[in-house]
> 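Quick one: the structure is below, questions incoming.
Note that this is a predicted model, so its numbers are computed, not measured.
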Amino acid sequence: MLKKIQISKPIIGEEEIKAVEAVLRSGQIASGSRVIELEEKFAKLCNADYAIATTNGTSALHTALHALGIKQGDEVIVPCFSFIATATCVLMAQAKPVFCDVKNDTFNIDPEDVRKKITKKTKALIPAHLFGQAADMDKLNKIAKEHNLKILEDSCQSINAELNGKKSGSLGDAGAFSFYATKNITCGEGGMLTTNDKEVAVSARNFRQHGKSRETGYEYESFGYNFRMTDVQAAILLEQLKRLEAFTEKRISNANYLIKNLKNLDFITLPKIENRYKHVFNQFTIKVDEKIRDKFVSYLNEKGVNAAVYYPKPLHLTPLFKDSVSCPVGEGLAKQVLSLPVHPLLTGEDLDYVIKAIGDFNA
Ligand SMILES: *Cc1c(COP(=O)(O)O)cnc(C)c1O
């Protein structure tokens, strides 16, 4: 039988099924007590004062930009190498995404290039903590302070990641998380916004619910959307949260095993992890020469190893943006990267199979 090792796999057990059943039997199936409990637990996890649940990571990013005061005509600096929503959320806020290059070794936004992209109109930056490792928030926070910019962390791939012992989602002015099926914990579709700023939290809560204000007796005070999470999703996530630490540890140990066994292959560049970071490996992303990348990915897929390319095109070159800005590092990475399976359900045998398949490749 041909081996089939998937790039990601949701882990849903009896606990999640029972929790959903309890919600369905309770009659309270929209946003209710499960969502409130989830928000409290999530805020605690991130060491943030507030957490606000939304429908998905994209709506969390959109809500956060609104709550941070981003408006039409503002510029927001985003990395050119990320998932599309890191940039489209800026369009949702009617502002302009300004594409910035990334670092060749960490794949994360390059603080030096951020400095070059700042104009009088710049109001915020959105570092994406790509593949599970935080961006260089020490440098970015310094730049933001100097130029009076807000920082929205795109933490969609980095729940439980840390920098200097501090959690992703508590490193900037606000953080946005996703619980899509490929993320480190999931409920199918879901999102979360974190912040330590009370005003941002209040504005985000109102925006999530049609602009309805709790503070002034439930008036519709401002424009808003319906971005509410349901108790069905929250019940799944409350179970997932209990297992987050175990999931994270397994991802890290899988990654360490891959690193140990691939480090002697000179056609591969392994992910760079500095000491002050805790990388949670939503993806295990390596680089190979662009001349062999596509051939290598096809070879692995034929062997039943579901390697995938995140991301094959930098955001500024998508048909949506067609932006003439030059980001040479991001443009190069799009041709060199591929991600290998690293999820918690991989067995030792699976990992050895992946390692052997890679070793057998005729580079
Ligand atoms: C998944 C993801 C998003 C979007 O989250 P959704 O829940 O799919 O809307 C945004 N940014 C990054 C970096 C992501 O990985």
Side-chain angles (χ1 to χ4, degrees), residues 30-43 46 48-78 83-97 121-128 144 149-156 159 168-180 187 189-234 237:
S31 182
S33 63
R34 307 281 80 186
V35 170
I36 290 168
E37 187 183 341
L38 175 71
E39 289 177 337
E40 285 167 4
K41 296 217 158 106
F42 203 89
C46 297
D49 290 342
Y50 308 93
I52 294 127
T54 64
T55 46
N56 55 56
T58 307
S59 60
L61 287 164
H62 178 186
T63 300
L65 284 178
H66 168 84
L68 291 169
I70 303 308
K71 294 194 172 59
Q72 191 161 19
D74 291 345
E75 291 181 1
V76 177
I77 297 175
V78 300
F83 182 60
I84 189 78
T86 310
T88 48
C89 66
V90 179
L91 298 181
M92 293 169 197
Q94 298 182 54
K96 185 185 173 208
K121 292 183 178 169
T122 310
K123 292 285 154 56
L125 26 138
I126 311 181
L149 309 175
K150 300 289 186 195
I151 297 195
L152 167 56
E153 301 175 70
D154 182 341
S155 299
C156 288
I159 182 171
S168 148
S170 71
L171 303 165
D173 296 287
F177 293 83
S178 165
F179 309 115
Y180 181 65
C187 60
E189 298 271 10
M192 191 71 75
L193 186 165
T194 53
T195 184
N196 288 326
D197 185 324
K198 176 148 193 236
E199 264 180 54
V200 171
V202 168
S203 172
R205 277 189 204 287
N206 295 350
F207 193 68
R208 176 183 64 174
Q209 176 142 309
H210 306 287
K212 195 174 183 179
S213 171
R214 284 198 207 169
E215 275 65 32
T216 58
Y218 291 83
E219 280 283 7
Y220 296 103
E221 284 198 334
S222 53
F223 174 70
Y225 285 80
N226 174 1
F227 285 157
R228 291 183 305 250
M229 180 185 276
T230 71
D231 267 18
V232 177
Q233 295 159 306
L237 288 171

> Determine whether the side chains of N56 and S59 contain a donor N or O and an acceptor N or O closer than 3.5 Å.
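Yes, a side-chain donor-acceptor pair sits under 3.5 Å.
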
> Is the backbone of A53 close enough, under 3.5 Å, to the side chain of E39 for a donor and an acceptor to pair up by distance?
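Checking the backbone N and O of A53 against the side chain of E39, a donor-acceptor pair under 3.5 Å is found.
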
> Kindly assign one of parallel, tilted or perpendicular to the pair F42 and F179, based on the angle between their ring planes and the thresholds 30° and 60°.
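Plane angle over 60°, so perpendicular.
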
> Would S178 and F83 count as a side-chain contact (heavy atoms from CB on, under 4.5 Å) here? Give the steps.
CA-CA 12 Å; S178 165; F83 182 60; over 6 Å; no

> Quick one: does T195's side chain have a donor or acceptor within less than 3.5 Å of a partner on D173's backbone?
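Such a contact is found between T195 side chain and D173 backbone.
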
> Working to the nearest 0.5 angstrom, can you tell me the gap between H62 NE2 and T55 OG1?
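Between atom NE2 of H62 and atom OG1 of T55 there are 10.5 Å.
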
> Check the orientation of Y225 and F227. Use parallel for under 30°, tilted for 30 to 60°, and perpendicular for over 60°.
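Ring orientation, 0 to 90° scale: parallel.
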
> So M192 and L38, side-chain contact (heavy atoms from CB on, under 4.5 Å) or not? Walk me through it.
CA-CA 10 Å; M192 191 71 75; L38 175 71; 3.7 Å; yes

> Run the ring-centre check on H66 versus F223 and record whether the distance is less than 6.0 Å.
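No, the ring of H66 stays outside the 6.0 Å limit from the ring of F223, centre to centre.
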
> Evaluate side-chain contact (heavy atoms from CB on, under 4.5 Å) for Y180 paired with C156, printing each intermediate quantity in order.
CA-CA 9 Å; Y180 181 65; C156 288; over 6 Å; no

> Among L61, T86, L125, find the residue that satisfies the side-chain contact (heavy atoms from CB on, under 4.5 Å) test when tested with L152.
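That would be L61.
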
> For the OG atom of S203 and the CZ atom of R205, what is their distance to the nearest 0.5 Å?
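Separation between the atoms: 11.5 Å.
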
> Indicate yes or no: at least one non-hydrogen side-chain atom of R208 is less than 4.5 angstrom from one of L193.
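Not in contact.
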
> Which value, rounded to the nearest 0.5 Å, describes the distance between T122 atom OG1 and I77 atom CD1?
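T122 OG1 to I77 CD1: 4.5 Å, rounded to 0.5 Å.
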
> How long is the straight-line distance from CE of M92 back to CG of L65, given to the nearest 0.5 Å?
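Taking CG in L65 and CE in M92, the distance rounds to 10.0 Å.
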
> If you look at every heavy atom in G191 and M229, which pair is closest and at what distance?
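In terms of heavy atoms, the two residues are closest at O-CE, 3.6 Å.
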
> Report the C-alpha separation of K150 and E199 in whole Å, then their side-chain angles, then the decisive distance to 0.1 Å, and conclude whether the salt bridge (Lys or Arg N to Asp or Glu O under 4.0 Å) test is met.
CA-CA 14 Å; K150 300 289 186 195; E199 264 180 54; over 6 Å; no

> Measure across A64 and A174 and return the closest heavy-atom pair with its distance rounded to 0.1 Å.
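Residues A64 and A174, closest heavy atoms: CB-CB, 4.4 Å.
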
> Any idea which heavy atoms bring L91 and P97 closest together, and the distance?
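Smallest heavy-atom distance, with atoms named: CD2-CD, 3.7 Å.
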
> What closest approach, in Å, do N196 and A48 show between heavy atoms, and which atom pair accounts for it?
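Nearest pair, atom of N196 first, then A48: OD1-CA, 3.2 Å.
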
> So does R34 get a backbone contact from the side chain of D231, meaning a donor-acceptor N/O pair under 3.5 Å?
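A pair under 3.5 Å: yes.
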
> Could you tell me whether a side-chain N or O of Q233 sits under 3.5 Å from a main-chain N or O of T230, the two making a donor and an acceptor?
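Yes, the answer is positive, given that a donor and an acceptor are paired below the 3.5 Å cut-off.
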
> List the atom of K212, the atom of N206, and the distance in Å for their closest heavy-atom pair.
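Minimum heavy-atom contact is O-OD1, 3.0 Å.
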
> Give, for atom CD of Q94 and atom CG of D74, the distance between the pair rounded to the nearest 0.5 Å.
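CG of D74 is found 10.5 Å from CD of Q94.
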
> To the nearest 0.5 Å, what is the distance between CG (N226) and CD (Q209)?
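So the gap between those two atoms works out to 7.5 Å.
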
> Of all the heavy-atom pairs spanning S170 and E153, show the shortest one and how long it is.
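Minimum heavy-atom separation between S170 and E153: N-OE2, 3.3 Å.
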
> V90 and K96: side-chain contact (heavy atoms from CB on, under 4.5 Å), yes or no, with the steps?
CA-CA 6 Å; V90 179; K96 185 185 173 208; 5.5 Å; no

